[in-house]
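Here is the structure we will look at, set down as structure tokens.
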2 protein chains.
Amino acid sequence: MANIKDIAKLAGVSVTTVSRVINGHPYVSDDKRAAVLRAMKATNYERNINAVHLIKGKTNLIGVMVPSIKRPYFGLVVEGIAEEALKGNYKLVLIQTNYEEERELEALMMLKLKQIDALIICSKISDWDIVEEYAAYGPIIAFEDARGRNVSSIYIDHYKSFMEALTYLSGKGHRKIGYCLARKSGTSSRQREAAYRDFLKRSGESFDPDCVFYDAIHFEDGEWIVERLMTSLLVTSDQVAAGILACCNEQNLQVPSKLAIVSFDNQPIAKVLNITTFAIPLTEIGRDLFRKVMTREFGQQEIPVKLIERLTV
Amino acid sequence: MANIKDIAKLAGVSVTTVSRVINGHPYVSDDKRAAVLRAMKATNYERNINAVHLIKGKTNLIGVMVPSIKRPYFGLVVEGIAEEALKGNYKLVLIQTNYEEERELEALMMLKLKQIDALIICSKISDWDIVEEYAAYGPIIAFEDARGRNVSSIYIDHYKSFMEALTYLSGKGHRKIGYCLARKSGTSSRQREAAYRDFLKRSGESFDPDCVFYDAIHFEDGEWIVERLMTSLLVTSDQVAAGILACCNEQNLQVPSKLAIVSFDNQPIAKVLNITTFAIPLTEIGRDLFRKVMTREFGQQEIPVKLIERLTV
DNA sequence: CTGTTAGCGCTTTCAC
DNA sequence: GTGAAAGCGCTAACAG
């Protein structure tokens, strides 16, 4: 494969001149430019991008840390990131972590090694201390509440949203409210649990561990959740809510009279199934994440969540 | 940021020696190795991966061309690719094409520029001629029928599968069979249409354009499909089938007596909703794609599709 | 306008 | 065991 020197020789000019025409610099005479272009065409020349990366110290690659790409939730976020990346001529490096710290560290490491120019954390398990440490090596942004931390973020105040949902449900006369979380640990789960406990305390009720459902992630998880009878359910994903609804249909369990459901995200499936849900503009957030991490400005930005009342409450 | 020269100086050795300890080569005395390690620790040294890429001519990055990552179908395939990539210490570069030729060309270009070591095409719109041209620059594999082409592939014979589904449906006594496709063009759509027309011809019926539904991709697309009354439906995605089913429930349209549904993929949602579907092991295919492209061996491999009989026929 | 030249940071012969 | 030195392919002062 021809390199810049070959082209220079073939065109009878210096490598500088070749470099200039490659990069569209001015001050190259038309005939030399033509000669270079001809030589490039003749040899099917393509410049070695890795050499460019080396000398420039950047790669036009943005890392995206994501637990599992098959979850529609993250699919929507990454979709937004990808849309925006396209415009800026950036490519995405997908790091699927499965919430393993070791994988997350790899993503952070890529930033340190300058293999990626910036890192977008869609969700993580590692401690903020670690993320902060790596933030020294390049821009990092997280889609997770990083208030009080030295890391930029676009976040949802899950305490506030959960409290709002709980209040809404109870205002509609529902008691024995159960809730589903995708996982036990993590910032958002902690915030939600706190909201739930505070809500209970306020209304003088005691906490019942049977009301909490962990690892509720996919549509199919609706199945085992319905088994445990609640009168209302707070679900952190429309996918799961849809699965629950499907099972209710099967079992002729009336919604919302026997079981009320509120969920989060407002994914398309929630619209079709008329699920009452809190809208979270995931794809738009993806776009924002990309734009914001590229500016390299530090900052925390809260995304408000908006109740969409439909037929499940 | 310290480089290899700094480490060499600090440790009082040559860069060669430093390089040796970095890469775990033998023939380095214990004390020198210790000195180097100490210097690396002291300076928080990390080698510049781009320099390595330049000299080695490879990047440990694998390109993944995908139309839209938010579609669960592709999410599942990419999940499999990511799992396997992890084991081989490869990272994925996601190129979301939205079926635009220009984007697809960019992905192909990355291979030519050696920014990625190999390319996995999950689905494409570009002509095979173009793909074949770029196959000269590095390993390419496609999850699309490439028989007769100079590109490796793992594929599903959509003609065969569609014919099987049609035969099954008609064997169950269904007439006026409609079918949904994700898009109008593309190898698989062409194969399916051909099967449908051949099937019609064989049973002496004529083709009715009203029986074809294009752009049926997401759950929510089920809505407008139900509007046009069929007695049975061949759906190329469980997501859409689920959406159709949801609308049938809403409208009290009995399935399968009033409308029979067969779909493809056997995604988890199909199991929960008891949808009769043809199983396609998407995640496993993802893993295979990765493994196969890494071997660099040319070959076409058909993935058989298996009918899972449930309650929608 | 054009070319010379000094790197970017690392790997790898090759000779000692 | 060790190190000098020659690149990998490209960019960007700098000098003309």
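Here is the naming used below: chain letters follow the sequence lines, and residue numbers restart at 1 for every chain.
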inquiry  = From the set dG9(C), dT12(C), dT2(D), return the single nucleotide nearest to any side-chain atom of K56(B).
reply    = dT12(C)
request  = Could you check which of dG3(D), dC8(C), dT2(C) has an atom nearest any side-chain atom of R20(B)?
outcome  = dG3(D)
task = Dump the intermediate steps for salt bridge (Lys or Arg N to Asp or Glu O under 4.0 Å) on K124(B) and E104(B), then the final yes or no.
result = CA-CA 7 Å; K124(B) 61 156 188 62; E104(B) 297 191 358; over 6 Å; no
query = Does Y45(B) have a side-chain nitrogen or oxygen under 4.0 Å from the phosphate oxygens OP1 or OP2 of dC10(C)?
reply = yes
task = Can you label the angle between the Y73(A) ring and the F143(A) ring as parallel, tilted or perpendicular, going by 30° and 60°?
result = parallel
task = Could you check which of dG9(C), dT2(C), dT11(D) has an atom nearest any side-chain atom of V52(A)?
result = dT11(D)
request  = Would you mind telling me which of dG3(C), dG1(D), dC10(C) lies closest to the side-chain atoms of Y27(B)?
outcome  = dG1(D)
ask   = With a 4.0 Å cut-off on heavy atoms, is N23(B) in touch with a base, just the backbone sugar-phosphate, or nothing at all?
value = sugar-phosphate
request  = Answer with base, sugar-phosphate or nothing: what part of the nucleic acid does R47(A) contact at a heavy-atom distance below 4.0 Å?
outcome  = sugar-phosphate
query = Do you know which of I4(A), V18(A), L10(A), I22(A) makes side chain to side chain contact (heavy atoms under 4.5 Å, CB included) with V36(A)?
reply = V18(A)
query = Which nucleotide in the list dC10(D), dG3(D), dG3(C) gets nearest to the side chain of I55(A)?
reply = dC10(D)
query = Is R20(B) positioned over the aromatic face of Y27(B), cation under 6.0 angstrom from the ring centre and no more than 45 degrees off axis?
reply = no
message = Which nucleotide wins on minimum distance to the side chain of V13(A), given the candidates dT4(C), dG3(C), dC10(C)?
response = dG3(C)
remark   = Which of dC8(C), dG1(D), dT2(C) is nearest the side chain of S29(B)? It is dG1(D)
query = Just checking T16(A): base, sugar-phosphate only, or nothing, at a heavy-atom cut-off of under 4.0 Å?
reply = base
